[in-house]
Each structure stands twice: as structure tokens, then as C-alpha cells.
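Proteins get letters first, then strands, A, B, ... in listed order; numbering begins at 1 in each.
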2 protein chains.
Amino acid sequence: MLKRAPSLTEQAKSHIKQLILADEFADGRIPPETTLATDLGVSRTTIRDALSRLEHEGVIYRKQGAGTFVNRPGLQIKSRLDEIWSYEGVLRAHGYMPSTRILDVSTVSADEETAVSLNITPGDDLLVVKKLFLADTEPVILAHNHIPLCQIAAPYEESDLLLPVYAFLSEYGRQQLSYYVSDIIPITASPELVTTLHIPAQTPLLSLSEIGYSDDHQPILKSTSCFRDDLLRLRLIRRSVQ
Amino acid sequence: MLKRAPSLTEQAKSHIKQLILADEFADGRIPPETTLATDLGVSRTTIRDALSRLEHEGVIYRKQGAGTFVNRPGLQIKSRLDEIWSYEGVLRAHGYMPSTRILDVSTVSADEETAVSLNITPGDDLLVVKKLFLADTEPVILAHNHIPLCQIAAPYEESDLLLPVYAFLSEYGRQQLSYYVSDIIPITASPELVTTLHIPAQTPLLSLSEIGYSDDHQPILKSTSCFRDDLLRLRLIRRSVQ
DNA sequence: TAGTGGTCTAGACCACAAA
DNA sequence: TTGTGGTCTAGACCACTAG
């Protein structure tokens, strides 16, 4: 029998997910919705909501008339580009020991282009943080975050910048980060990237150029990241929409 | 008042989407769920399902206590990488006049690696189709599709290969294409790509290396595509999961 | 405080898959 | 035929926003 807080759906979801990860359903078959509902003491609707979310995450799949099943291939995907939220988390999921190094922190005036994309006035102050992420001891990701100073609500220590940017904003920012719109751009390593990421000149790299938005769809963050493809393969599930 | 078939939810969804695209809600505010429900003669649950799908597509957003709103920035994204389904469609959305050219069709034996990824026996026959997609008259995408011959159920004409591969499989294949798992890889243009895509040597390119799965999660297709980044910028919405 | 979306229930019927 | 997931209803209460 479940209690409230957070939501019953959310609890049911993590409960079922745990059972899956603990390999309780060795045959890959998940009990019928009505069984789950009576077992957990909630309505079938709640169970269906929970299963829908798990299906969307790629953890399970459903076949009408047949049943609900564990999606083993889906469980093996460690870095779904559309869900990455903390680089340290991704690296850990890949089996590396992640660490973060702050290379530079500065305050600059927004140029025209940045001002437009962040919906601020050119010349407004931006906090620019340059961070390097390492897998074990190898550099993998170089990230530049641009945060308008007006988005920062509380004083912070330099060490707080080691937090994932969404966590930093949630702690010290004026608005929470809700989602990114990201452009995926192939680039050739610049001299700076060659030295920072320890890669040969001319290595093709993947760059993610993104704007982060708040719950009410205001742009609050600009971020650019470059990935070493050999250590971190980015993966994606593509589905047809309607 | 809506009728059945397809589903009421699906009808409600496209109805609301049409109203949005026709700019019926000039202030960006969508009527309350209860109003929509009585207007369309369905239950609030059905409306909520429809709105959830639209929210997931990025067409609207909801704020508890405040209302439901049109997400104008979301409407402007023309090529969401996680939803791309036909290259011609993407190019058309970008305002180009798309066309497809078949460069080569052949049958080859599956090598070890391909056999493993497609869950077939090495040596099994594969249909290999090399297609070039043009925007107006400029080449933009070079795609290689590998389809096991055993997946093809009905005879086809060469011209049928011009169809998007999901449409081809739906028409002539044994199983429908349900989703892709795609690796995003930065590459440097090979000599073949330089000539085919009319680009300078050493241009960084984006390559999508994907396995297509059927409804019951069997791999049925291998595909590799290279994109010209200058004509087709790939974009993605990244959300936090749970 | 009024109105909105968020959660949840209990129950009905349908469509499809497998035995 | 049986059992599964898919759709839909009507109604309740809660959480939040805004005037």
C-alpha cells in the first residue's frame, strides 16, 4: 500500500523500475496492469500512467493483447542525448570515475548575438564559466556556460560552480532550468581544444550549442560543449511522431 | 461533437493543433480543459491526454494554476532530431524543394559486425541502397540503408526505393519500422563525400549511424547518413527525466 | 478567493494476441 | 475463449496562480 508524496504515479513508477533493475521479472514479462494495481493498492489509471512514463524512458514496452515487457536493449543505453542532465552522471554511467575542473571564471559583457538569444540587452553582464570534465584522468568534455548575472539571486562560492549547472541555478539562481534547445554541430578541433582535450589536430568533434530555458520559457542560460567522441558515444532514440 | 475512429484523443489532439496553427488563440492562451471537454463533447481525461501529447511535441506548455499556452518557440523548430522520419519532409520544412536520387543498389553478404547488430547470420544477403537527398539542387544528405533480404516480403520496383525507408518497409517489408537507436558521430569528409556532397576537403560532418527496430524490438535495418551541417542544422530538445 | 491544471478513483467497453 | 492492454467516462479532491 503506497502513501502520498510525491505522487502515487511517481512512486509506482520507481517501484516497478526497481523491480525491473533487480531482475525480478526474469522472463522479461511484467505483471498485468490489474495485478499491479491491486498489489500496490492504487487504481489501474495510476499504474497505466506509471507504465507510460517507463515506456517513454525506454525501460519497458507494451503490446496490446499480449502484455507488458522489459525492454532490455533500452536498458543498456547509457547516454541518451535527449536526457543528459549532468555530465558527471553520464561518465559514471559509462563506468568512468568522473571529475570536474574549473578552468576559468570571468564576467563579460554580452555581445549582440548572445543578447538576442538570451533575450537581454547587449552589454549586460554575463558570468562565463569554463569547465573541463574528466573520465578517470582523461579529459572528455569542455563546456562553456554563459549565465546572465541578473539570473543569479544568491551569493555563491567558486566551488559551487562545480555543481551541474541545473543544480547551481536551482540553488543560487532566480529561475530553475527546465529544458534545453540544442544544436548539434560537427566541428574540427581548434588549437585550444587540441591541447585541452589531448587530441590530435584536426580531430572531428561534436559540439552542442544550447540555450537553457526556465519553466516559463524564458532563456536563462547559454552553453557550448565539445565532446571527445572516442570516449563518449552519444546515442539517441528516434521515434515517429503521429 | 467528435466521432470514434481513430481515437477521440487523437482527434482532439489534431483539432486543437489545427486551431493553434490557424492562430485562433492570438493571445497564446488555450481554453481551460473543462471548456475544451464540453466544446468537443468528450471527457476531461480525453482532453488531458490530447494536451499531454501536444505538450510532449513541444506545441504547448501548461502551468498549474495558470493555464495552458501556445509554445511559440517550440513551433519554430523544424528539425527535431528525435522525430525525423523522412528526409524529404525535413528539407521541405526548411523551405527547400527536396528531391531524392538513388546512387546505387546492390546485394552484399553481411559481414560479422553487421550480422551481429542485425541479429542475422554472417553471409546472409543484404539489400544496400545508397541515396542522395538534395535541397533544391544542392546535395545535403548521403544515406546508406542495409536491409536483410529476409525482411522483404513483396516484389518491388527500383523506383519504390525512392520512398522513405519506413514507408518502403511498411509497403514491401515483413515488419514495420518502429524506432531507431542512433549514434551521433562527428567525422571528417571522406573523398567520396567531398565529391558527392560538393564540399571542401576536411569539412567536419555529422554522421548518424542507426539500427532500426520493429514493433517487437527486432533489428530490421541498418542505416548510415551523413549531413551537410551548413544546409541542415539538427536540433534537439533535452529535458530532464524524473 | 476563484479558476486552473494535477492527481486519482472505479468502472465500462473495445481491440487484439495467444492458447 | 480468455486475458491482456487501449480508450473513455464522470466525478472527486488537491495544489497552485493570479486578481
* Could you state the atom-to-atom distance from CG of L8(B) to P of dA15(C) in whole Å? => 12 Å

* Asked: What integer distance in Å separates Q64(B):CD from dA15(D):C1'?
  -> 5 Å

* Of the candidate nucleotides dT4(D), dT9(D), dT9(C), which contains the atom at the shortest distance from the side chain of P32(A)? -> dT4(D)

* **Nearest-nucleotide comparison on DNA chain C, the residue closer to the 5′ end among T46(A) and G65(A)** => T46(A)

* Return the nearest nucleotide to the side chain of R62(A); candidates are dG6(D), dC8(D), dT9(D). => dG6(D)

* T45(A) or A66(A), whichever maps to the more 5' nucleotide of DNA chain C -> T45(A)

* To do: Round to a whole Å and report the spacing from CZ of F69(A) to P of dA18(C).
  => 8 Å

* Closer than 4.0 Å, any side-chain N/O of R48(A) to the OP1 or OP2 of dG6(D)? -> yes

* To do: Look at the side chain of R53(A) and decide which nucleotide, out of dT7(C), dC8(C), dT4(C), has an atom nearest to it.
  => dT7(C)

* To do: Return no unless some side-chain N or O of T68(B) is found under 4.0 Å from OP1 or OP2 of dG5(C).
  => yes

* Asked: When we call it a touch if two heavy atoms are under 4.0 Å apart, what does T9(A) touch: a base, just sugar-phosphate, or nothing?
  -> sugar-phosphate

* Once you apply the 3.5 Å cut-off to both distances, tell me the Watson-Crick or G-U wobble partner of dG19(D), or none. => none

* To do: Over all heavy atoms of both residues, which pair between T34(A) and R44(A) is shortest? Give the atoms and the distance, please.
  => CG2-CD, 4.2 Å

* Would you kindly give the OH-to-P distance between Y61(A) and dA17(C), to the nearest whole Å? => 14 Å

* **Protein-nucleotide distance (I60(A), atom CD1; dG5(D), atom C1'), rounded to Å** => 11 Å

* To do: Indicate yes or no: at least one non-hydrogen side-chain atom of F133(B) is less than 4.5 angstrom from one of P98(B).
  => no

* Asked: Between atom NZ in K63(A) and atom P in dG3(D), what is the gap in whole Å?
  -> 20 Å

* Structure fact -> All heavy atoms of T121(B) vs all of A115(B), minimum pair found to be C-CB, 3.9 Å

* Rounded off to whole Å, could you give me the CD-to-C1' distance for the E33(B) and dT7(C) pair? => 11 Å

* Asked: Could you give the CZ-to-P distance, from R44(B) to dT9(C), as a whole number of Å?
  -> 15 Å

* Compare every heavy atom of N71(B) with every heavy atom of G58(B), then report the nearest pair and how far apart it is. => O-ND2, 3.1 Å

* Evaluate the ring planes of Y156(A) and F168(A), with Trp represented by its six-membered ring, and classify them as parallel (under 30°), tilted (30 to 60°) or perpendicular (over 60°). => perpendicular

